Structures are given as C-alpha cells and as structure tokens.
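A short worksheet on the structure shown next.
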Amino acid sequence: MRRLFPVTDETVAGASGGARGRDALDDATDREWGLEELAEAYAYPDVHEPWLRANMVSTLDGAAQHEGHSQPISSEADMRIFGTLRGLADVVLVGAETVRQEGYRPARAREAFAALREAAGQGPAPAIAVVSASLDLDFALPLFTSPLVPTLLLTGAAAAPDRIAAAEKAGAQVVIAGDGMGVDPARAVRALGDLGLRRLLTEGGPRLLGQLAASEVLDELCLTISPMLTVGDAQRIAGGPAPAVPKRFELVSLLEEAGFLFSRYRRT
C-alpha cells in the first residue's frame, strides 16, 4: 500500500469522523510514486533566505540507528525519499561523527533530477558540508578526493591551522562559522546562504540536529517512522540539552509504504 496524504482541513475532518475526510483517504492512489511526483511533493518553498530541512529516520521506540548505523532501520522507499531530498538540495549538512560512522561519500549526479536542477540554477549534485570543530577527518576519503562539487568544511576560528591546511590541500573549502573551536548553527546557515546555497538539507547526526533545533534555525523536519522495535540504548534523532519550551512543528504531508510512514513537518 502506497499512499500520500496531504494534510488539509478535509483530512483532519476525516481523522475525527468526517465523511468527506474519509473519502479523501479512500481515494488515495495505491501505487508507487515516481521521482517527478516526489520532487513536486517535497519541493522547497519559494524563499529568498536559506531554508533548512532535516531528513531523519526513527523506529517506533525512538531509535535513530541500530548498532551505530541508520541503514538497518531504513527501507527501499526511505532511500527513494532520501535520494529525492538530495536531488532537490543545494547542500547537504552533516556532522563529522556521521561522516565517520556512515562512511559518507560525495553526492552523485542523477539523471532523473538533471533537468529540474538545471532549471533551478543548481549544479549537477549538491555539495556536502561537514560540521567539525577538530577537523579530525580522513582527507583521503572519496568525499574529499573525488566529489563533483568541492566538499565544504564548517569549523570555528580556533581550529588547528595544520588541519585547515590539510583540508584545503585535499580540495575542501573551509568555511569559518564560529568564533571559538565550535560552529555556531545560525552562523553556519548564514555562511551557506552567503555562498548562494539556499536549499539546505541536514542528515544529522543526532547531535548536529539537536544543535540546529536548539538554535531555532531548523525550518522543516522530514521524519521516517520505521515500523521496528530495536530496544537497546540507541540515540534519538536529536540530542543535547533540552530547551525551556518544546519547539512546535505542524504536519504538512504524510506518505505510507509497507508500514513505513514518511512525515513532513514545518516549524510554526
């Protein structure tokens, strides 16, 4: 069963028993949604400032990974959404630990999105922007040696000069986005915008997402709910100190396939 439910007053009425709302859900098309349709469903809003969305996956019991990786709790449909979101983005923002754990590679050009990206004035593939205070990364990885678009490194002004030199020698573009060792999330978003990168996508990890959410620079969350229970003590999708008041988001669309739910929330 594959269904896409835009969240409207009509579907909300259906959830509470309204006949028209039930009809809207019953009429949802049982088929696989193509990449063109997904690109339309997940299109970025027409804004002139950077728009930051996150894409994360969580099990029913709140785990963002299993044994240190997200792949075991993902699915084919989840990866299709993953590819669509990348295909729409100017840049993918990711934490250094996620790069190390997930074996991050450079984004590739996909023919399915070539015309769409050209029409939007985008390059063949999004850049990868790695957030790292220490720059303790393996610069021999393909992420640095063979990307279609030079990899960006967001770090603080106090980063070790020898690590900055090593990153630049490997072909990375170092962007200072903090006064000390760390990166200021709001400053990082502004710095990417200053480079002409307005369609921002972050894929975590949980620590980075927590920092972005706490700094109130996260505009949208695309969350996959995996129909699995992992138990254990795996991280949630976001980590870090709790804010004084929980951040409110609203549901704008929901897709289902094989028991996986693909939700899309926007900050209110």
Side-chain angles (χ1 to χ4, degrees), residues 1-8 11-12 15 25 28 33 35 37-45 51-66 68-89 91-95 97-98 101-102 126 185 189 199-232 234-240 242-243 246-268:
M1 177 97 41
R2 300 172 177 85
R3 294 182 174 180
L4 179 63
F5 305 140
V7 178
T8 65
T11 55
V12 170
L25 297 185
W33 291 77
L35 292 179
E37 294 168 307
L38 289 175
E40 181 178 356
Y42 283 93
Y44 279 83
W51 180 272
L52 176 61
R53 67 167 37 144
N55 182 32
M56 301 292 285
V57 59
S58 171
T59 62
L60 296 176
D61 53 342
Q65 53 190 223
H66 181 63
H69 300 279
S70 59
Q71 189 278 330
I73 63 173
S74 181
S75 69
E76 186 276 333
D78 185 40
M79 295 310 297
R80 198 183 320 132
I81 298 294
F82 175 93
T84 297
L85 295 179
R86 279 198 166 195
L88 298 173
V91 60
V92 179
L93 189 63
V94 63
E97 186 60 25
T98 297
Q101 289 189 0
E102 301 281 356
V189 169
R199 305 171 187 88
L200 278 53
L201 169 67
T202 180
E203 297 169 351
R207 181 182 177 187
L208 176 60
L209 181 57
Q211 292 171 342
L212 295 169
S215 297
E216 300 188 3
V217 295
L218 183 68
D219 298 297
E220 182 177 320
L221 173 64
C222 299
L223 178 64
T224 296
I225 305 298
S226 172
M228 301 180 188
L229 293 171
T230 60
V231 195
Q235 289 180 296
R236 297 161 50 185
I237 65 166
K247 309 301 180 185
R248 178 74 182 188
F249 283 64
E250 63 176 353
L251 181 65
V252 292
S253 70
L254 183 66
L255 181 149
E256 182 272 339
E257 179 172 333
F260 284 77
L261 296 178
F262 304 95
S263 60
R264 186 180 179 191
Y265 289 86
R266 285 184 183 175
R267 183 173 56 180
T268 57

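We number each residue from 1, following the sequence as shown. This one's a predicted model, so the numbers in the text were calculated from it and none came from an experiment.
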- [ ] Measure the shortest side-chain to side-chain distance between Ile225 and Phe260 over non-hydrogen atoms and say whether it is less than 4.5 angstrom.
- [x] no
Open item on the list: Side chains of Trp51 and Arg199, heavy atoms from C-beta outward: is any pair under 4.5 Å?
Closed with: no
Task: Minimal non-hydrogen separation, Pro185 against Val217, with atom names - done: CB-CG2, 4.3 Å
Open item on the list: Using modelled atom types and a 3.5 Å cut-off, is there a donor and acceptor pairing between side-chain atoms of Ser215 and backbone atoms of Gln211?
Closed with: yes
Task: Donor-acceptor under 3.5 Å (Glu37 side chain, Glu40 main chain) - done: no
TODO: Identify the heavy atoms of Ser253 and Leu251 that sit nearest to each other, and give their distance.
DONE: O-CD1, 3.4 Å
Task: Ala43 to Arg53 - nearest heavy-atom pair and separation - done: O-NH2, 3.8 Å
Open item on the list: Using side-chain heavy atoms (C-beta onward) and a distance below 4.5 Å, is Glu76 in contact with Asp78?
Closed with: no
Task: Considering all heavy atoms, the nearest Pro206-Ala64 contact - done: CG-CB, 4.5 Å
TODO: Look at the side chain of Asp61 and the backbone N and O of Thr230, then say whether any donor-acceptor pair between them is shorter than 3.5 Å.
DONE: yes
Open item on the list: Looking at every non-hydrogen atom in both residues, tell me the closest pair between Leu218 and Ala213 and how far apart they are.
Closed with: CB-CA, 4.4 Å
- [ ] Kindly say whether Ser226 contributes a backbone atom to a donor-acceptor pair with the side chain of Thr59 at under 3.5 angstrom?
- [x] no
- [ ] Could you give me the CA-CA distance, side-chain angles and deciding distance for Leu255 and Leu261, then say whether side chain to side chain contact (heavy atoms under 4.5 Å, CB included) is met?
- [x] CA-CA 6 Å; Leu255 181 149; Leu261 296 178; over 6 Å; no
TODO: Please test Glu220 against Arg267 for side chain to side chain contact (heavy atoms under 4.5 Å, CB included), starting from the C-alpha separation and ending with a verdict.
DONE: CA-CA 6 Å; Glu220 182 177 320; Arg267 183 173 56 180; over 6 Å; no
Task: Distance, nearest 0.5 Å, that separates CZ of Phe82 from CZ of Phe262 - done: 13.0 Å
Task: Closest contact, heavy atoms only, Met79 versus Ser74 - done: SD-OG, 3.6 Å
TODO: Check the pair Tyr265, Val252 against side chain to side chain contact (heavy atoms under 4.5 Å, CB included), reporting the backbone distance first and the verdict last.
DONE: CA-CA 6 Å; Tyr265 289 86; Val252 292; over 6 Å; no
Task: Residue pair Thr224 / Ile81, side-chain heavy-atom distance below 4.5 Å - done: no
TODO: Check whether any side-chain heavy atom of Arg80 sits under 4.5 Å from a side-chain heavy atom of Leu35, and report yes or no.
DONE: yes
Task: Non-hydrogen side-chain atoms of Leu209 and Met56 separated by less than 4.5 Å - done: yes
TODO: Establish, for the pair Arg266 and Phe249, whether the NZ or CZ atom is under 6.0 angstrom from the six-membered ring centre and no further than 45 degrees off its axis.
DONE: no
Open item on the list: In the structure I gave you, are the side-chain heavy atoms of Tyr44 and Leu88 within less than 4.5 Å of one another anywhere?
Closed with: yes
Task: Check: Leu223 main-chain N/O paired with Ser263 side-chain donor or acceptor under 3.5 Å - done: yes
Open item on the list: How about CD on Gln101, more than 12 heavy atoms from neighbouring residues, nucleotides or ligands closer than 6.0 Å, or not?
Closed with: yes
TODO: State the CG-CG distance between Leu201 and Leu85, to the nearest 0.5 angstrom.
DONE: 6.0 Å
Task: Residues which pass side chain to side chain contact (heavy atoms under 4.5 Å, CB included) with Pro246, listed by chain and number, not counting sequence neighbours - done: none
- [ ] Report the residues that fulfil side chain to side chain contact (heavy atoms under 4.5 Å, CB included) with Ser70, sequence neighbours left out, ordered by chain and then residue number.
- [x] Val57, Glu102
Task: Side-chain touch Arg86/Val92, heavy atoms, less than 4.5 angstrom - done: yes
- [ ] Before accepting this row, confirm whether a basic side-chain N of the pair Lys247/Glu216 lies closer than 4.0 Å to the acidic partner's carboxylate O.
- [x] yes
Open item on the list: Nearest 0.5 angstrom please: Leu208 CG to Glu203 CD, how far?
Closed with: 11.0 Å
Task: Distance in Å, Gln65 CD paired with Ile237 CD1, rounded so as to fall on 0.5 Å steps - done: 12.0 Å
Open item on the list: side chain to side chain contact (heavy atoms under 4.5 Å, CB included) for Leu212 and Leu52? Distances and angles first, verdict last.
Closed with: CA-CA 9 Å; Leu212 295 169; Leu52 176 61; 4.0 Å; yes
